[in-house]
A.B. asks: 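For reference, the structure I am asking about is given below.
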Amino acid sequence: MAKHVSNMDELARALQPVMQKVVDKLADRVHETLNYFLQDYYSGYNPSNYQRTKDLLYSAVKVDAKPYKGGVKASVYIDYDSLNSYNGVTGFQVVKWANEGKHGGIEVEHKPHVWQDTMDETVNNGELLRLAVEYLRAQGIPVRG
């Protein structure tokens, strides 16, 4: 069904549902990729000098897309505040080490950089842009990409 649009505010309202869905799909992809690299981080190293809590493994969070300042916003992040079971180390430090390829602050051979690898595989390589263009085209919105 065609919508009559006579100004930018009406255009923004007409596009809001489509944008919310595409942003949510993109956030799903980032969340999926982040969980992949968290799993890779855990499976690639077996610590001998500390016992894992697996809190970091399950710390990825996705907040569904919602309207925000005339656009749409979704969030994907590692909830380092939930990582409170580590002795003498903040959750932020644990996440920092995971992004540096360290386990418990220790240099190891298996070195996924959890957050940076996620960004490289979704944002920096153009995958999210490609997915957005595909989705918008599927909705009948002509987009060049």
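Since the structure is predicted, the reported quantities are computational estimates derived from the model, not experimental observations. Below, all heavy atoms of this structure are taken into account, side chains as well, without hydrogens, waters or symmetry copies.
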A.B. asks: Do Val30 and Leu128 touch side chain to side chain, with heavy atoms closer than 4.5 Å?
C.D. replies: yes
A.B. asks: Could you grab the distance from atom OH of Tyr42 to atom CG of Leu57, nearest 0.5 Å is fine?
C.D. replies: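 Going from OH on Tyr42 over to CG on Leu57, the span is 5.5 Å.
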A.B. asks: Are the side chains of Gln20 and Val23 in contact, using a 4.5 Å heavy-atom criterion?
C.D. replies: no
A.B. asks: What distance do Leu129 atom CG and Thr122 atom OG1 have between them, rounded to the nearest 0.5 Å?
C.D. replies: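 Answer for the CG-OG1 pair, Leu129 versus Thr122, is 12.0 Å.
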A.B. asks: To the nearest 0.5 Å, tell me how far Glu100 CD sits from Lys111 NZ.
C.D. replies: 10.5 Å
A.B. asks: Out of Leu38, Val95, Asp40, Leu56, which one pairs with Val114 under the side-chain contact (heavy atoms from CB on, under 4.5 Å) rule?
C.D. replies: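 When Leu38, Val95, Asp40, Leu56 are each tested with Val114, the side-chain contact (heavy atoms from CB on, under 4.5 Å) holds only for Leu38.
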A.B. asks: Establish, yes or no, whether a centroid distance under 6.0 Å links the rings of Tyr41 and His110.
C.D. replies: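 No - the distance between ring centres of Tyr41 and His110 does not fall below the 6.0 Å cut-off.
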A.B. asks: Are there over 12 heavy-atom neighbours, none belonging to Tyr135, within less than 6.0 Å of that residue's OH?
C.D. replies: yes
A.B. asks: Are any non-hydrogen side-chain atoms of Leu26 and Leu131 less than 4.5 angstrom apart?
C.D. replies: yes
A.B. asks: Where do Gly71 and Gln16 come nearest, in terms of heavy atoms and distance?
C.D. replies: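 Where Gly71 meets Gln16 most closely, the heavy atoms are O-NE2, 3.2 Å.
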A.B. asks: With no hydrogens and no angle check, is any side-chain donor or acceptor of Gln116 less than 3.5 Å from a backbone partner on Asn99?
C.D. replies: no
A.B. asks: Minimum heavy-atom separation for Trp115 to Leu34, with atom names?
C.D. replies: CZ3-CD2, 3.7 Å
A.B. asks: Membership question, hydrophobic clusters at under 4.5 Å side-chain separation (ILVMFWY): are Val76 and Val61 in the same one?
C.D. replies: no
A.B. asks: If I compare all heavy atoms of Pro142 with all of Gly140, which pair ends up nearest, and what's the gap?
C.D. replies: CD-O, 3.4 Å
A.B. asks: How close do Ala60 and Asn35 get, heavy atom to heavy atom, and via which atoms?
C.D. replies: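 Minimum heavy-atom separation between Ala60 and Asn35: CB-OD1, 3.6 Å.
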A.B. asks: Side chain of His113, backbone of Lys102: donor and acceptor closer than 3.5 Å?
C.D. replies: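 It does not hold such a pair.
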A.B. asks: Could you check whether any side-chain heavy atom of Arg137 comes within less than 4.5 Å of a side-chain heavy atom of Glu134, counting everything from C-beta outward?
C.D. replies: no
A.B. asks: Answer yes or no: is there a side-chain heavy-atom contact under 4.5 Å between Trp97 and Gln93?
C.D. replies: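 Yes, side chains in contact.
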A.B. asks: Check the hydrophobic clustering (I, L, V, M, F, W, Y; side-chain heavy atoms under 4.5 Å; chains of links allowed) and say if Val63 and Met119 are grouped together.
C.D. replies: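 No: no chain of side-chain contacts under 4.5 Å links Val63 to Met119.
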A.B. asks: Flag the pair Asn125 / Asp120 as yes when at least one side-chain heavy-atom distance between them is below 4.5 Å, and no otherwise.
C.D. replies: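 They are not in contact (no side-chain heavy atoms under 4.5 Å apart), so the answer is no.
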A.B. asks: Suppose the criterion is side chain to side chain donor-acceptor pair (under 3.5 Å): which pairs have a residue in residues 58-79, not counting sequence neighbours?
C.D. replies: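 Found Asp24-Lys62, Asp28-Lys62, Lys62-Asp64.
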A.B. asks: Taking the side chain as everything from C-beta on, heavy atoms only, tell me whether Leu83 gets closer than 4.5 Å to Val89.
C.D. replies: no
A.B. asks: Could you check whether Glu32 pairs with Arg29 (Lys NZ or Arg NE/NH1/NH2 to Asp/Glu carboxylate O, under 4.0 Å)?
C.D. replies: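 Looking at Glu32 and Arg29, the cut-off is met.
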